[in-house]
There are 2 protein chains.
Amino acid sequence: MTKGITRELIVTAALELLDDQGIDGLTVRALASRLDVRAPALYWHVRNKQELLDEMATEVMRRVTAAFAAVQPGAGWHDDLTAYARVLRAEYLRHRDGARVFSGTRITEPDVVRMKEPLFERWTASGWKPADADDAVDVVTAFVVGFVIEEQERRQAAETDPTRYSAAQRDAWLGEGASLVKEAGHLQDDGDQRFERHLDIVLAGLAARLGG
Amino acid sequence: MTKGITRELIVTAALELLDDQGIDGLTVRALASRLDVRAPALYWHVRNKQELLDEMATEVMRRVTAAFAAVQPGAGWHDDLTAYARVLRAEYLRHRDGARVFSGTRITEPDVVRMKEPLFERWTASGWKPADADDAVDVVTAFVVGFVIEEQERRQAAETDPTRYSAAQRDAWLGEGASLVKEAGHLQDDGDQRFERHLDIVLAGLAARLGG
DNA sequence: ACCTGAACACCGTTCAAGT
DNA sequence: ACCTGAACACCGTTCAAGT
């Protein structure tokens, strides 16, 4: 009962391995070793490494769905999309290079796509067309993906090369002039505040164009 | 004179190889073969493969800068950011997996960052603070990155598996119910129209929050 | 200064063979 | 049904040696 590996165990272990070792350390052999089997054993459960990556992405999206479902239903599309954006970012941030690795990968689970239905129902009831609802979700998703890719890259670069993102170092690197760019760089904040501010801009655009 | 390889020749050939063979085909040996040398020769010009990828990303961003500089200066931030978004998307689309491969990679060229200065000068002259200008560029960049990642993934999936994105196939895959999700899927357009519509939403948000 | 040949440690994947 | 041992073709990278 407790022995033998399953698809789910493999995917879970793969996500842990990604977080521990990074994308380059996510090798079939290392994953097998973590599961106490030899590499070829994995091929009984998974067609190839690409399928494993797809499964990992689907699992992450399942967690997004679950985390989102656990949130109180909001008063309208604005609340709903705010919660969705925060949950999506949080799940991406949970994994090393999460946004880059898991964005745009095909969802192998219909339920993850079907979760949009209750949202669409509520939003269309309050005046949006289905096409509007679709645009709204996709614009917010695109923004979150792009934001977190940049965010994780910056965070990672700060670890490997701490001087890189120090204000003084950046100014020197930029050379003479570019005073406004430097000033903006000094003011630039990181993390949640910045995310909320940028998300607010995107949602304001949805309100302006689709009504709300 | 005509013999011997240079950093620039390597980067150019690497971009071509990426487009021809995809990211998995972009190997040091294949690249060397394309340049008529053996693999170790590249290590005289480039520290390692990661540095090559950084150089490729920088080159793409240089082309974004150049293409953007060739555009007529707009009447204000709205025109400027529209042109920037279109140019960024166009350069990403030019390369296989361009958005995924080149987004979030560190820019090794100060000039590419310094190009923001004239924009910031004009925008602050019309009322934005430097921090606003920075937010605006970053929100638009995040949106474009996320949009094109999804766009290229969809395009690629459509090539390998044409049934995947057909309406009927998708409906069957989704199963019973989810009628609004299906309806939205049927209406969903691709490409430029969709990009312009979504970009318009983001810019409307900037206008609403930062003034315009 | 610039490039090659040979080698190293390591990949993803296949497959006959084991239980 | 599920896993292993051995093997294959291929990686990125190093380095002594060539010119």
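Note that the structure is a prediction, hence the values are computed from the model and not measured. Here is how names work: the chains are called A, B, and so on, in the same order as the sequence lines, proteins then strands, and each is numbered from 1. Below, each value reflects all heavy atoms present in this structure, side chains not excepted, and no hydrogens, waters or symmetry copies.
Distance CH2 (B/Trp44) to C1' (D/dT19): 13 Å, rounded to an integer number of Å. Distance, B/Arg29 CZ to C/dC3 C1': 16 Å, rounded to whole Å. Summarising the geometry, the separation between CD1 on B/Ile5 and C1' on C/dC2 is reported as 9 Å, rounded to the nearest angstrom. Taking atom CG on A/Leu53 and atom C1' on C/dT13, their separation rounds to 15 Å, with Å as the unit. Remark: P of C/dT13 and CD of A/Glu51 are 11 Å apart, rounded to the nearest angstrom. If you take CG of B/Leu52 and C1' of D/dG12, they are 12 Å apart, rounded to a whole angstrom. In this structure, the CG atom of A/Leu42 is 9 Å from the P atom of D/dC3, given to the nearest Å. To the nearest angstrom, P of D/dT13 lies 8 Å from NZ of B/Lys49.
Base-pair partner of D/dA1: C/dT19 (Watson-Crick or G-U wobble, both distances under 3.5 Å). Nucleotide D/dA6: paired with C/dT14 (Watson-Crick or G-U wobble, both distances less than 3.5 Å).
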Evaluate salt bridge (Lys or Arg N to Asp or Glu O under 4.0 Å) for B/Arg7 paired with B/Glu51, printing each intermediate quantity in order.
CA-CA 11 Å; B/Arg7 224 154 196 278; B/Glu51 188 175 291; 2.4 Å; yes
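Heavy atoms only, all atoms of each residue included: A/Val87 and A/Ala67 are closest at CG1-CB, 3.7 Å. Here the closest heavy-atom approach between residue A/Ile149 and residue B/Ser103 is recorded as CG2-OG, 3.8 Å.
Both the sub-6.0 Å distance and the 45° axial angle are satisfied by B/Arg89 relative to the ring of B/Phe195.
Considering only side-chain atoms of A/Arg38, the nucleotide from D/dG12, D/dT4, C/dA1 that sits closest is D/dT4. With D/dG12, C/dA6, C/dC3 as the choices, the nucleotide that has an atom nearest any side-chain atom of B/Pro40 turns out to be C/dA6. Out of C/dC3, D/dG12, D/dT4, the shortest distance to the side chain of A/Ala41 is found at D/dT4. Proximity note for B/Val37 (side chain, C-beta onward) versus C/dC3, D/dT13, D/dT4: the nearest is C/dC3.
At C/dA1, none of the side-chain N or O atoms of B/His45 fall inside 4.0 Å of OP1 or OP2 (strictly under the cut-off).
Judged purely by distance below 3.5 Å, without hydrogens or angles, the side chains of B/Arg34 and B/Gln21 never pair a donor atom with an acceptor atom.
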